[in-house]
Every structure is written in C-alpha cells, then in structure tokens.
There are 4 protein chains.
Amino acid sequence: MSKKQEIITIARGIIHSKGYQATSISDILNAASIGKGQFYHYFTSKYDLGLAVVEDLVQDLDQQLIKEIFQSKEEAKKRLNKMLDWNLASHTETKSKLGCAVGNLAIEMSEHDETFRVKIKEFFNKWISEVAASLTEMVEENQLDPTINCTKSAQAIVAMIEGGILLMKNQQDIEILATVMDIIRKQYHLI
Amino acid sequence: MSKKQEIITIARGIIHSKGYQATSISDILNAASIGKGQFYHYFTSKYDLGLAVVEDLVQDLDQQLIKEIFQSKEEAKKRLNKMLDWNLASHTETKSKLGCAVGNLAIEMSEHDETFRVKIKEFFNKWISEVAASLTEMVEENQLDPTINCTKSAQAIVAMIEGGILLMKNQQDIEILATVMDIIRKQYHLI
Amino acid sequence: MSKKQEIITIARGIIHSKGYQATSISDILNAASIGKGQFYHYFTSKYDLGLAVVEDLVQDLDQQLIKEIFQSKEEAKKRLNKMLDWNLASHTETKSKLGCAVGNLAIEMSEHDETFRVKIKEFFNKWISEVAASLTEMVEENQLDPTINCTKSAQAIVAMIEGGILLMKNQQDIEILATVMDIIRKQYHLI
Amino acid sequence: MSKKQEIITIARGIIHSKGYQATSISDILNAASIGKGQFYHYFTSKYDLGLAVVEDLVQDLDQQLIKEIFQSKEEAKKRLNKMLDWNLASHTETKSKLGCAVGNLAIEMSEHDETFRVKIKEFFNKWISEVAASLTEMVEENQLDPTINCTKSAQAIVAMIEGGILLMKNQQDIEILATVMDIIRKQYHLI
DNA sequence: CATGAATGAGTTTTCATTCAT
DNA sequence: GATGAATGAAAACTCATTCAT
C-alpha cells in the first residue's frame with residue numbers, strides 16, 4: 001500500500017469517528033506518524049484529503065456492496081438478503097457508536113460543500129438503483145406484489161437502513177438496527 | 001422573548017444549518033448583533049449554549065409532535081397521518097437542505113458527548129413509543145394486521161423518516177421524503 | 001460596619017489568598033453577594049479598591065502592631081517578644097499557606113505601581129523604626145551589646161521575619177517561622 | 001542556543017519583572033519577536049512555559065550557587081562569603097526593583113500551584129542544607145560557637161536574605177540588602 | 001521526498017467597566 | 001443606592017498552511 005493510500009486509510013478511520021471538521025491535520029499526522037511536509041506533499045489541503053477519503057470510501061462501498069453483492073450471480077432475493085447482512089455486519093457491537101461512514105458525511109457535508117454532497121449522492125443513487133433492480137427482478141419472478149413501485153420502495157429501504165443506523169448510533173445499541181432489518185425482510189418477503 | 005431565549009433561537013437556526021462544531025461563537029454574535037460579553041453573561045460556554053439549544057429544540061418538538069399531535073383527541077390513524085404531514089411540512093423546499101435538527105445533532109454529537117446523546121435519545125424514545133401506541137390502537141380497532149410487532153414497527157417508521165430526511169438533505173430534493181412518507185402510509189394502511 | 005468597609009474586608013481576604021491581579025471583581029462580588037452597580041458605586045475601579053485594601057490593611061497593622069504592641073507601656077524586651085508572638089500567631093496552621101498580606105503585596109505590586117509600593121514601604125519603615133527604637137532602649141538598659149547598629153539590626157529582624165514567612169509559605173510548614181523567631185530571640189537576648 | 005531556550009530565557013526576564021500571572025503570552029511573543037504558532041509549537045500552554053522557566057531558573061541557581069560556590073574547594077567561611085557576595089551582586093542598582101526571581105515566584109505561586117511550589121521548595125531546601133553544611137564545617141574548625149543549631153541558623157540566614165531582598169524591592173534601595181548581608185557576616189563571624 | 005519550524009488568522013473565554021432602569 | 005444587562009479589549013489557545021533545510 002502506498003504512503004498516500006496509507007494516509008487515506010488512517011484518515012478515513014479518524015473522520016468516521018470524529019467527523020471531517022472535527023478531525024485536525026495533527027490528528028492524522030499523529031496517527032500516521034508522519035510530518036507535515038509529507039502530508040502536504042501528497043495532499044494540497046485538508047479539503048483535498050477529505051475528497052480523497054470520500055472517494056476511497058465510495059470506491060470501497062462500490063466494490064463491497066455494488067460489485068460483490070448486487071452484481072454477483074445470486075438471485076435477487078439472496079442479493080437483497082446479503083446486502084442487509086453485510087450492512088448489519090458492518091456495525092459490530094464495538095463499532096455501533098460510529099454510525100454509517102457515508103451517512104455521517106452526508107449529514108455533515110451536504111449543505112457545506114457541493115463536491116462532497118454530489119459524490120455521496122452518486123453512491124446513494126447507485127445503491128438505490130441496485131435495490132430497485134433487485135426488487136424489479138423479484139416482481140418479475142412473482143416473489144413480490146407487482147403493484148409496488150420498485151424505485152420508491154428502494155428509496156424507502158435505503159432510508160430505513162440509514163435511519164436505523166442513525167438511531168442505533170444515538171441509542172448506542174445495535175439491536176435497533178437488527179430490528180429494522182427484520183422489518184425490511186418481512187415487508188419485502190425476503191425470508 | 002427574553003434575550004437569552006432570543007440567543008438560543010438564533011443559535012438553533014445556525015446550528016441547524018452548520019452543525020454545532022462548525023458554528024462559532026462569532027457566528028451567533030453577528031447573527032444576534034450582540035457582543036461577546038453579553039453572550040457569556042447568559043451562557044457559561046459554547047457547550048452550555050449547545051445544551052440549551054438541544055433542550056429548546058427537544059422541548060419544541062415535544063410540544064409540536066408529542067403534545068399537539070400524538071396526545072390530541074384524534075383517532076390513531078389520523079394522528080399518524082398528521083405526524084407524517086407535520087414532518088413533511090417541516091422540510092419545505094427552502095429548508096430541504098438543512099435536514100432534521102435532532103437527527104443532525106444525533107449524528108454529530110452522539111459519539112462526542114454523552115449529555116447531548118442522552119437528551120436526543122430521550123426524544124427519539126418518546127417519539128417511537130407514541131408511534132407504537134398509535135399502531136397498537138389501530139390494531140385494536142382492526143385497522144392493522146394484529147401479527148405485527150408495534151414497537152418494532154414504530155422504530156422502523158421513525159428510522160424511515162430520519163433516513164428519508166438524510167437522503168433528502170443529501171439529494172437536495174424534497175421529493176424523496178414525500179416518497180418515503182407515501183410508502184409508510186401504504187404499508188401501515190394510513191390512507 | 002458600612003457596606004463599603006464590608007466589601008473592603010472581604011476583598012482583603014481574597015486578595016491575601018489569590019493576590020491582587022489574580023483577584024477578579026467577580027470574585028469579590030460573589031463573596032460579598034453584591035451586584036456590579038453597588039461595587040462601582042463605592043469604588044471607581046479595581047485599582048481604587050486595591051488601594052483601599054492596602055490602606056485598610058496597613059491601618060490594621062498600624063493598630064495591632066505599632067499602637068497596641070510597640071506603643072504600649074511595656075518595656076522594650078517585652079514589646080519585641082510580643083511582636084514576635086503576634087507575628088507567629090497570625091500564621092496559624094490553617095493560614096500558613098497565605099503568607100504575609102503586606103509582604104505578598106510588596107512583591108506583587110512594588111514594581112508594578114508606585115502608589116501601592118509607597119504605602120507598603122511606609123508601613124515597613126514604621127515597623128523597622130519601632131523595632132530600632134526598642135533595640136535602642138534595650139541597649140540603654142544594658143540588655144544588649146552597645147556596639148550593634150540598632151537601625152540595621154531592626155532591618156535585619158524585619159527581613160528575617162518576612163523571609164521566614166516567605167519560606168513558611170513555600171514549604172507549607174509553620175515550623176520554619178517558629179525557628180526563625182527562636183533565632184531572633186537568641187540573637188537579641190529576648191529570652 | 002535553541003529557539004526554545006531562547007524563549008525560556010526571554011520569558012524568564014519578563015516573568016521576573018512582572019510575575020507569572022501578569023505576564024501575557026503576547027508579552028513574550030513581542031519580546032521574542034515570534035508568532036503565536038511558534039510559541040505553541042514549543043510549549044503546550046502558558047503553564048508549560050511557566051514550569052520550564054522555573055526549571056531553567058532553578059537549574060541556573062543550582063549551577064551558580066550550589067555547584068560553583070558551595071561545592072567549590074574553598075573553605076566554608078569563604079564559601080558563605082562568596083554566597084553573600086553573589087547574592088548582592090545579583091541585585092545591582094538597575095535590577096534592584098525586580099527582587100528575587102525564585103522568591104517572587106514562591107510568593108506568587110505557592111498557594112496557587114503545587115508543582116511550582118515543590119520545585120521552588122526543593123531549591124530552597126538545597127540552599128539551606130548547603131548553608132547548614134558550611135556552618136557545621138565552621139563549627140568543626142572552631143570558627144563558630146558550637147552551641148548553635150546549624151540547620152536552624154541556615155534557615156534564618158536564607159530567610160534574612162530573602163526578606164532583605166523583599167524589603168529592598170519594596171524600598172527600591174539596594175542599601176537595605178547590603179545592610180542585611182553585613183549583619184549576617186557579623187553574626188556568623190564571616191569577616 | 002521528508003522534517004518540523006514558523007506564520008497568522010480565527011476560536012473560545014475572561015474581565016474591568018459602563019449604562020439603562 | 002442598587003441591579004444586572006451590555007460592551008469591548010485582551011487573554012489563552014488551535015489549526016490549516018507555508019517554507020527553509
């Protein structure tokens with residue numbers, strides 16, 4: 001892993017935990033054991049690093065969520081189930097405090113900065129459209145009521161997950177996310 | 001309105017828009033046209049103001065959402081519909097950027113500070129339990145499938161709303177929240 | 001006791017403990033349970049209060065040390081002994097931390113402000129000259145070696161007491177002052 | 001000299017003159033012609049600097065007073081005389097206003113802060129014990145009355161010097177310190 | 001590439017003082 | 001006389017960024 005990538009990875013962890021604005025360059029320097037010069041060699045500014053972090057994050061999610069889960073050869077129902085499992089698994093007991101890395105940034109940065117906002121928006125759009133595609137597939141396979149609006153339902157599912165993570169973070173209790181996942185599974189016949 | 005309340009109200013607006021940490025005392029001073037000394041005459045610290053803001057916010061929501069909507073004499077179905085209407089109305093086109101005042105703070109502060117976290121948690125708990133009570137009432141009146149778990153469903157509803165607001169904020173599009181509300185109405189026979 | 005005197009007395013205690021500069025008007029207002037308006041009714045400024053405090057202090061010492069001890073009808077030897085006793089008694093175990101009220105101000109303010117400096121200087125001069133007079137009397141009564149220089153010895157005695165209090169304050173141990181007093185008594189045949 | 005040491009040295013001078021609390025970071029910044037950032041690059045806080053200043057001060061005194069004078073090969077009488085000379089020389093006419101750097105801090109900080117207090121206390125203890133050792137040596141060499149208590153006398157000598165400096169500072173007159181030194185020399189047969 | 005010294009604008013906070021009531 | 005709201009200068013401290021080495 002290149003030094004630059006190493007810095008991004010470390011910064012991602014800190015930003016996930018403290019938020020972008022509350023994370024100082026020094027926090028990153030200390031955690032990465034590097035000097036100022038090296039940081040500014042790789043990044044032109046804190047903002048530049050922030051963007052790199054979102055890109056790295058979105059790319060990771062793209063790989064794990066979109067490519068490995070949604071674009072796998074599994075059938076739609078299984079894909080949706082895996083997506084829920086993966087989401088739940090991302091928030092283990094110890095990390096339940098941190099919340100969703102993208103969701104946090106969505107809230108912190110959306111009004112603050114267009115570039116951040118759009119990058120995050122694109123990820124959510126991809127996620128929603130993959131969920132919608134899977135739902136459509138389920139409808140086609142007669143596993144789901146054909147009168148539902150798949151796109152809208154996909155938005156609702158992603159909203160529920162993000163809202164569930166928000167509540168989980170606030171209550172410091174992973175149970176609430178599991179509950180939300182259960183409800184989704186029941187409502188969309190994923191069991 | 002007392003000067004202190006005036007400062008809180010102004011600060012609430014700014015914090016809703018920029019977040020607690022990104023809001024500087026100077027932002028508030030300028031918006032309220034007061035001097036530093038006056039601010040510290042009413043509040044011992046920025047943190048003290050932050051707490052006052054959350055309390056004010058939670059109290060307002062308690063009045064508007066819990067007391068005026070849930071504890072009104074309307075029947076359960078109507079109450080839930082009103083709650084959804086009220087939520088949607090809170091995010092007009094112009095304010096769609098800001099997101100949920102409590103939700104934003106939940107994400108920004110939950111890991112950072114216990115006092116903030118607990119105050120917000122208590123509000124969410126109240127909200128969820130009122131939704132659960134309304135759902136129970138609907139079940140009793142045979143308006144809803146009796147096999148559903150009302151508490152869990154209430155959590156899912158609140159999660160969906162908060163998640164919907166999060167997506168709306170990120171997409172800068174109020175439509176997504178309206179969509180989520182529709183789905184809730186359909187799923188819980190509120191139409 | 002007038003309100004003004006009450007404020008002075010309270011301020012004296014706080015200044016003795018924290019020093020003049022480190023004492024804030026608020027400290028005094030809180031301790032005296034009065035408002036800003038009342039304070040500025042009696043004093044034109046913090047400096048004005050400071051001066052009043054030194055004057056009050058010096059006047060008290062003048063009464064207790066100069067008038068009641070040195071200008072009593074006792075014989076010189078007894079007067080000097082009483083002076084030492086009184087000094088020691090002023091620094092009980094609990095107050096050994098505070099040091100000498102005048103000495104502290106002498107160090108804190110002498111370079112800072114001429115008015116303070118001169119007021120304190122006058123007190124020390126009075127003290128020294130009274131000690132000198134007592135020593136002279138002892139010499140005349142053949143209780144002391146006639147070759148000593150009474151004025152210089154008086155300076156040395158006051159220096160020893162003030163230095164002893166300084167060390168006592170720093171060591172937080174009243175013993176050291178008692179030791180110094182003993183030495184003085186032996187050196188000047190006061191036992 | 002390193003920049004850090006340079007800042008300490010400059011700060012020592014200012015603190016000697018104004019006291020720790022009355023010295024502002026800006027005072028130091030201006031005197032040293034550096035920016036805030038640089039200051040906080042070397043010190044974590046004003047307190048941190050304060051501690052560094054006391055340590056630097058105590059170390060200097062340790063070198064000049066303890067090592068170079070008391071631990072020299074001279075005989076006891078000469079050592080004590082040198083100590084008095086050195087003390088007097090430290091307070092030239094121009095600097096007579098400032099008083100004793102350690103003594104000032106002893107009075108300003110002893111009640112305020114334990115760490116300062118203890119560092120200063122240790123210096124005074126060292127000084128006292130060296131004086132005591134020298135007196136003991138003089139007693140052994142029959143230059144001094146064997147019935148005196150050397151430790152107590154050492155305390156008295158240091159007290160006299162510190163008290164003399166206090167009076168000198170307050171009277172703005174170096175003469176008084178010279179007088180005190182004379183008295184010490186006579187009392188302990190140092191002439 | 002890398003270090004960390006240096007800059008300076010901005011942040012939170014304190015506090016003596018004034019002023020309207 | 002008395003209250004405490006209001007002012008504003010200055011304090012301690014933070015932090016992104018630049019620059020000499």
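Chain A is the first sequence line, chain B the second, and so forth, proteins listed ahead of strands; every chain is numbered from 1.
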Report summary line: Of the listed dA11(F), dC15(E), dT12(E), the closest approach to the Ser24(C) side chain comes from dC15(E)
Query raised in the report: Under 3.5 Å, is there an N or O donor on one side and an acceptor on the other linking the side chain of Lys36(A) and the base of dT17(F)?
Result: yes
**Report entry** For atom NZ of Lys46(D) and atom C1' of dT14(F), their distance in whole Å
**Finding:** 18 Å
Query raised in the report: NA contact type, Gly37(B), heavy-atom cut-off 4.0 Å: base, sugar-phosphate, or nothing?
Result: base
Query raised in the report: Less than 4.0 Å between a side-chain N and a carboxylate O, is that true for Glu114(A) and Arg117(A)?
Result: yes
Query raised in the report: Rounded to whole angstroms, how far apart are OH on Tyr47(C) and C1' on dT17(E)?
Result: 17 Å
Requested in this report: Mind calculating the distance between CD1 (Ile28(D)) and C1' (dA11(F)) to the nearest angstrom?
Outcome: 12 Å
Query - Pairing partner (Watson-Crick or G-U wobble, both distances under 3.5 angstrom) of dT12(E) - result: dA11(F)
Report summary line: Ile34(D) CD1 to dT18(F) P, in whole Å, measures 21 Å
Report task. Looking at every strand, decide which applies to Lys3(B) at a 4.0 Å heavy-atom threshold: base, sugar-phosphate, or nothing. Result -> sugar-phosphate
Requested in this report: Give a yes or no on this: more than 12 heavy atoms of other residues, nucleotides or ligands lie within 6.0 Å of atom CD of Gln59(B).
Outcome: no
Query raised in the report: Does the cation-pi check pass for Lys46(C) over Phe39(C), that is, NZ or CZ under 6.0 Å from the six-membered ring centre and within 45° of its axis?
Result: no
Requested in this report: Report which part of the nucleic acid Tyr40(C) touches: base, sugar-phosphate, or nothing (heavy-atom distance under 4.0 Å, all strands).
Outcome: base
Query - Distance, rounded to the nearest Å, where Ile25(D) contributes CD1 and dT13(E) contributes C1' - result: 14 Å
Query raised in the report: Going by heavy atoms in the side chains, are Thr115(D) and Tyr47(D) under 4.5 Å from each other?
Result: yes
Query raised in the report: Considering Watson-Crick and G-U wobble pairs with both distances under 3.5 Å, what does dT17(E) pair with?
Result: dA6(F)
Query raised in the report: Which part of the nucleic acid, if any, lies within contact of Ser2(B), taking any heavy atom under 4.0 Å across all strands shown: a base, the sugar-phosphate backbone alone, or nothing?
Result: nothing
Report summary line: Between Tyr42(C) and Phe39(B), the residue closer to the 5' end of DNA chain F by nearest nucleotide is Tyr42(C)
Query - NZ/NE/NH1/NH2 to OD/OE distance under 4.0 Å, Lys169(B) and Glu111(A) - result: no
Requested in this report: Please tell me which of Asp27(B) and Ser33(D) maps to the more 5' nucleotide of DNA chain E, matching each residue to the nucleotide holding its nearest heavy atom.
Outcome: Ser33(D)
Query - Nearest-Å distance once atom C1' is located in both dA20(F) and dC1(E) - result: 15 Å
Query raised in the report: Heavy atoms under 4.0 Å, any strand shown: does Thr44(C) hit a base, just sugar-phosphate, or nothing?
Result: nothing
Query - Rounded interatomic separation in angstrom, taking CD from Gln38(C) and P from dT17(E) - result: 17 Å
Query - Separation of dT14(E) P from Gln21(D) CD (nearest whole Å) - result: 15 Å
**Report entry** Rounded interatomic separation in angstrom, taking CG from Leu29(A) and C1' from dC1(E)
**Finding:** 16 Å
